[in-house]
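Below: one structure, written as structure tokens.
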2 protein chains.
Amino acid sequence: MSTADATILLVDDHSVVREGYRSVLEKQPGLRVVAEASDGAEAYRLYKSEAPDLVIMDLSMPGIGGIEAVRRIRQRDKGAKILIFTMHQNAGFAVQAIRAGARGYVTKTSPPETLVRAVMDVLAGRIAISPDIDHELALSRLAGESSAADVLTPREFEVLRLLLAERTTEEIAETLHVSPKTVANLHSLIKDKLGVGSDIELVRLALRQGLLTQVDLGEA
Amino acid sequence: MSTADATILLVDDHSVVREGYRSVLEKQPGLRVVAEASDGAEAYRLYKSEAPDLVIMDLSMPGIGGIEAVRRIRQRDKGAKILIFTMHQNAGFAVQAIRAGARGYVTKTSPPETLVRAVMDVLAGRIAISPDIDHELALSRLAGESSAADVLTPREFEVLRLLLAERTTEEIAETLHVSPKTVANLHSLIKDKLGVGSDIELVRLALRQGLLTQVDLGEA
DNA sequence: ACGAACGCCGGGAAAATTTCACGACGTTGC
DNA sequence: GCAACGTCGTGAAATTTTCCCGGCGTTCGT
């Protein structure tokens, strides 16, 4: 393989799924998978040490999620090329990911060609969005639809995600390395921005917008 | 390849993910992937036409889900061997799947060896459960698996229902003709009885137990 | 280059809520 | 009849939420 091969870092918490990416990508000449990570923190570490040309990242992962990982990597390296590859066929997530600095968003239901095409596009400096998400975005645009993703800043959105996923304010503060006070302030601000008065309404809103899927309810 | 190869049908709505299964499985001698489906209905059709020795199936898919597909296949063929391979690390789902007739339940976070091992076990007629799910099941068994419905008194249950449906403590107090303070007391007691620390967890618990359905969320 | 605007972080203090301890009342059941 | 329990409520303490504030860094328009 040539020294001009584009190097790739895969990030997904399912090893068999990474095997799938790898299998598809390595059939393409000019691409080389050089590292794999199973969560956001590991992704950040490997990005620093490997400096890959492209990161392909899932969104839902334990600990710091994909959005936060994108934010951190881009904060360190403004030119980083990150392609989101996820099961979430949700325009709100796509908006957040792109805002955080991702250069592409492709759903896992897409055929392998779409993924390969997107990888090439992002490597060439273009933004890549899979057709189904294009459609979602078009629909939400047409509907006027002010979603959570539109009114919240990336940080707020990340905190919202963790509020829905984790347990206590303290735990969230720790994963984000900020003070519990900050999380509490953000929590309050989020409810204000979304126009809900209670946490219960907040969860209902998140459910309606597909931010929390019924199957994503975690352990018993 | 020998005619004694075990034939496999893969069912998952993510093509790149199927590529992962295939890559892992075909490294094993004696296994042969003979068909792929991307939803439950297609899985059923292909099961009938291909009569594979084993089906590896995801749970969350468009249209009829994995559980329903298992049920249909088993209804047609009581000896069908179906292994669930899913992201849902949830004991409840595992119980449902096994009850429906699946012979194994492995999470996608498991290493490839675990999947291969489970495939072999199921082909040999054994039930295969991945270690993390074993653990979940053990925990829920130990916890005595208390559902909201049986630890709460009728009044508490009613208040819970209203908490999920209405907006404020005051509104609930009015519909019940009691003081807001009483509602707050009950609210607190309910969280205590159900062992949750926050309203967010409370909603998640309610969702898991089917107390709040997605359709009940009002308008978009 | 500069100021304005905004996102992000968190302290302090007031306001509101949650939690706890306690008692009253009625019903059920042994 | 009396013990156990569900229901309702008060008051006070503990905790959380909310609001207001300033500091810091980045982006953006002029």
Quick one: on DNA chain D, does A:D192 or A:E170 contact a more 5' nucleotide (nearest heavy atom)?
A:E170
What parts of residues 179-187 of chain A reach DNA chain C, counting only heavy atoms under 4.0 Å away?
A:S179, A:K181, A:T182, A:N185
May I have the distance from A:I67 (atom CD1) to C:dC8 (atom C1'), rounded to whole angstrom?
17 Å
Name the orientation class of the two ring planes belonging to A:F93 and A:F157 (parallel below 30°, tilted from 30 to 60°, perpendicular beyond 60°).
perpendicular
Nearest whole Å is fine: how far is C:dC6 C1' from A:L152 CG?
15 Å
Salt bridge (Lys or Arg N to Asp or Glu O under 4.0 Å) pairs touching residues 114-128 of chain A, sequence neighbours excluded, are A:R117-A:D121, A:D121-A:R126
Interatomic distance, A:H177 NE2 vs C:dG10 P [rounded to whole Å]
12 Å
To the nearest angstrom, how far is A:F157 atom CZ from C:dG7 atom P?
16 Å
Show every ring pair (Phe, Tyr, Trp, His ring centres under 6.0 Å) that has at least one partner inside residues 16-38 of chain A, sequence neighbours left out.
A:Y21-A:F85
Which residue, A:L31, A:T114, A:V106, forms the side-chain contact (heavy atoms from CB on, under 4.5 Å) with A:V119?
A:L31
Check: B:T109 side chain, B:M87 main-chain N or O, donor-acceptor pair, under 3.5 Å:
no
When rounded to the nearest 0.5 Å, the distance separating CD1 of B:I84 from CG of B:D58 is 8.0 Å
Which pair of heavy atoms, one from A:P52 and one from A:T7, lies closest together, and at what distance?
CA-OG1, 3.3 Å
Figure out the CG/P separation between B:L189 and D:dG9, and round it to whole Å.
15 Å
How far does the helix from C:dA1-D:dT30 to C:dC30-D:dG1 bend, going by the axes of its first and last five pairs, to the nearest 10°?
40°
Heavy-atom closest contact (A:R18 atom, A:S38 atom, distance)
NH1-CB, 3.8 Å
Rounding to a whole Å, what distance do you find between A:E158:CD and C:dC9:P?
11 Å
Checking side-chain contact (heavy atoms from CB on, under 4.5 Å) between B:M57 and each of B:I82, B:D12, B:L83, which is the one that passes?
B:I82
Just the table, please: protein N/O against nucleotides 22-27 of chain D N/O, every pair under 3.5 Å.
{"unit_1": "D:dT27", "atom_1": "OP1", "unit_2": "A:K78", "atom_2": "NZ", "d": "2.9"}

Please give, in whole Å, the distance from C:dC9 P to A:I190 CD1?
12 Å
Just the rounded figure in Å: distance from P of D:dG6 to CD of B:E156.
7 Å
Which atom of A:A43 lies closest to which atom of A:L9, heavy atoms considered:
O-CD2, 3.7 Å
Tell me every residue that passes side-chain contact (heavy atoms from CB on, under 4.5 Å) with B:S188, counting only those two or more places apart in sequence or in another chain.
none
